[in-house]
Colleague: 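Dumping the structure here so I can ask a few things about it.
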Number of protein chains: 2
Amino acid sequence: MKRTSLAGDSCPVARALDVFGDWWSLLIIRDASLGRRRFGEFQASLGLAKNILATRLRTLVERGILKTVPASDGSAYQEYVLTPKGHGIFPILVALRQWTEEFDEHPDEIATIMVDRDKGKPVKKLALYSQDGRVLGAADTTLKLRPARKTARRLATA
Amino acid sequence: MKRTSLAGDSCPVARALDVFGDWWSLLIIRDASLGRRRFGEFQASLGLAKNILATRLRTLVERGILKTVPASDGSAYQEYVLTPKGHGIFPILVALRQWTEEFDEHPDEIATIMVDRDKGKPVKKLALYSQDGRVLGAADTTLKLRPARKTARRLATA
DNA sequence: GGCATCAGGTTTAATATTGCAACCACACAA
DNA sequence: TTGTGTGGTTGCAATATTAAACCTGATGCC
């Protein structure tokens, strides 16, 4: 009766959720992307139990989202920073943020807006484009079976 | 010791996760966006326990992500379909999908690709743009305090 | 050095959630 | 009207979350 794992699922959405789809992981990643690095910083910011934080940090490191580095202040402690794989989660955070901005019932409770650092102006909404530059909504897309990879290149040229 | 609620959080990411950030909700929403509508369809597709599915569907309806409609086949049963608020989650699903496509260790296990319905070509990667059209990475953005809303318009003009 | 304190956890125990399976009610079909 | 499929609910065992106590090594201070 373990929580069912989605790791072997063929759906890429499920596979992502298997990695960081639990209640706290994405918030830890959000904090990391805001520059938080220390155990205590995460704990103070998120207010979650320390044992939960410890296990989450451990699995996020195992899964290549975070890595531990020596503390930047020269102390003997360690810090947790995002790997490239972890930084790749940024668009997901943006999408979540923009959904709340658009649909939340109490938008006045949202504390922050995302702006571009250069100009200080709000960023645009994420949009999905086709290869020829059209904006696509959900109804303009379909799923196709992934074409099989060229596994026999060596044979074909041999 | 209830699971801590994120509903009152001021972070829009946390607020979104409070609505559909649990283990199953996003997969139900994914299924709904693929056209699945019936309790049995969700259950067969996701393989989750029926009691869990029942409570998830109930809370997703409560929260305005899904709504129930009379069955499209004329039977007395009901179906679950996405509301506009639910359809708004589409970019999040795309972002999750694209993260897996880019970073998963076993991309060969991904079954499908998203294509635009018209041309059948893979969609482009979601990108974040500034208002003047530059592509922004995480490092090119900052959070600013949301400016207070103009609450006193009536007074000001009175 | 010696002592107090802090950072970063682990352990323990209570509570909540999940998962499974059995059961149930209604709709529909023959 | 008997059977079957759909859409649940209920009960129980297993697991996960939580809070709080505890622990250990690092750091700060005199």
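Numbered from 1 within each chain, the chains take letters A, B, ... in sequence-line order.
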Colleague: Has B:Arg38 got a side-chain N or O lying under 4.0 Å from the OP1 or OP2 atom of D:dG7?
Modeller: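 Yes, such a contact exists.
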Colleague: Hey, what do you get for NE2 (A:His87) to CG (A:Leu82), rounding to the nearest 0.5 Å?
Modeller: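 Those atoms lie 4.5 Å apart.
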Colleague: What is the separation between atom CD on A:Glu41 and atom C1' on C:dC6, rounded to the nearest whole Å?
Modeller: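 These atoms are roughly 15 Å apart.
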Colleague: Under 6.0 Å between the ring centres of A:Trp99 and B:Phe20?
Modeller: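 They qualify: ring centres under 6.0 Å apart.
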Colleague: Please report the shortest heavy-atom distance between A:Asp18 and A:Arg63, naming the atom on each side.
Modeller: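 Of all heavy-atom pairs spanning A:Asp18 and A:Arg63, the closest is O-NH1, 2.9 Å.
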Colleague: Can you tell me how far apart CG (B:Leu26) and CD1 (B:Ile89) are? Round to the nearest 0.5 Å.
Modeller: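 B:Leu26 atom CG to B:Ile89 atom CD1 measures 6.5 Å (nearest 0.5 Å).
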Colleague: Output the rounded distance in Å from CG (B:Asn51) to C1' (C:dC20).
Modeller: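 About 8 Å, once rounded to whole Å.
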Colleague: Nearest whole angstrom, please: distance from the C1' of C:dG9 to the CZ of A:Phe39.
Modeller: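 In whole Å, C:dG9 C1' and A:Phe39 CZ are 6 Å from each other.
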Colleague: For A:Leu53 and D:dA16, give me the distance from atom CG to atom C1', rounded to whole Å.
Modeller: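 For the pair A:Leu53 CG and D:dA16 C1', the rounded distance is 16 Å.
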Colleague: So, are A:Glu102 and A:Lys125 salt-bridged, with charged N and O less than 4.0 Å apart?
Modeller: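 Judged by the 4.0 Å cut-off on N to carboxylate O distance, A:Glu102 and A:Lys125 do form a salt bridge.
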Colleague: Which heavy-atom pair separates A:Leu126 from A:Gln98 by the least distance, and what is that distance?
Modeller: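 A:Leu126 and A:Gln98 have their closest heavy atoms at N-OE1, 2.8 Å.
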Colleague: Given atom CD of A:Gln43 and atom P of D:dT18, what is their separation to the nearest angstrom?
Modeller: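 Answer to the nearest Å: 12 Å.
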Colleague: Going from CG on B:Asp22 to CG on A:Leu17, what distance comes out if it is rounded to the nearest 0.5 angstrom?
Modeller: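 Spacing of CG (B:Asp22) from CG (A:Leu17) equals 10.0 Å.
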Colleague: Classify B:Tyr80 by what it touches in the nucleic acid, base, sugar-phosphate, or nothing, heavy-atom distance under 4.0 Å.
Modeller: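 Sugar-phosphate, backbone atoms only, no base.
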Colleague: For DNA chain D, find the residues of residues 54-63 of chain A with a heavy-atom distance under 4.0 Å and give them by number; none if there aren't any.
Modeller: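 Contacts with DNA chain D under 4.0 Å: A:Arg56.
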Colleague: Quick one: pull up OG in A:Ser45 and CZ in A:Arg30 and give me the separation to the nearest 0.5 Å.
Modeller: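 These two atoms lie 5.5 Å from each other.
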Colleague: So, is B:Trp24 near the phosphate of C:dG19, with a side-chain N or O under 4.0 Å from OP1 or OP2?
Modeller: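 Indeed, a polar side-chain atom of B:Trp24 lies that close.
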Colleague: Return the polar atom pairs (N/O with N/O) between nucleotides 27-30 of chain D and the protein under 3.5 Å, or none.
Modeller:
from   : atom 1 : to      : atom 2 : distance (Å)
D:dT27 : OP1    : A:Ala76 : N      : 2.3

Colleague: Enumerate the salt bridge (Lys or Arg N to Asp or Glu O under 4.0 Å) contacts for residues 44-54 of chain A, please, sequence neighbours excluded, ordered by first and then second residue.
Modeller: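 Sorted result for residues 44-54 of chain A: empty, none.
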Colleague: In whole Å, I'd like the distance from the CD1 atom of B:Ile52 to the P atom of C:dC20.
Modeller: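 About 9 Å, once rounded to whole Å.
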Colleague: Round to a whole Å and report the spacing from NZ of A:Lys50 to C1' of D:dC22.
Modeller: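 Those two atoms, NZ and C1', are 10 Å apart.
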Colleague: Please give, in whole Å, the distance from C:dG9 C1' to A:Phe42 CZ?
Modeller: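 One finds 15 Å between C1' of C:dG9 and CZ of A:Phe42, rounded.
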Colleague: Any side-chain N or O of B:Arg3 less than 4.0 Å from the OP1 or OP2 oxygen of D:dA16?
Modeller: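 Result: no.
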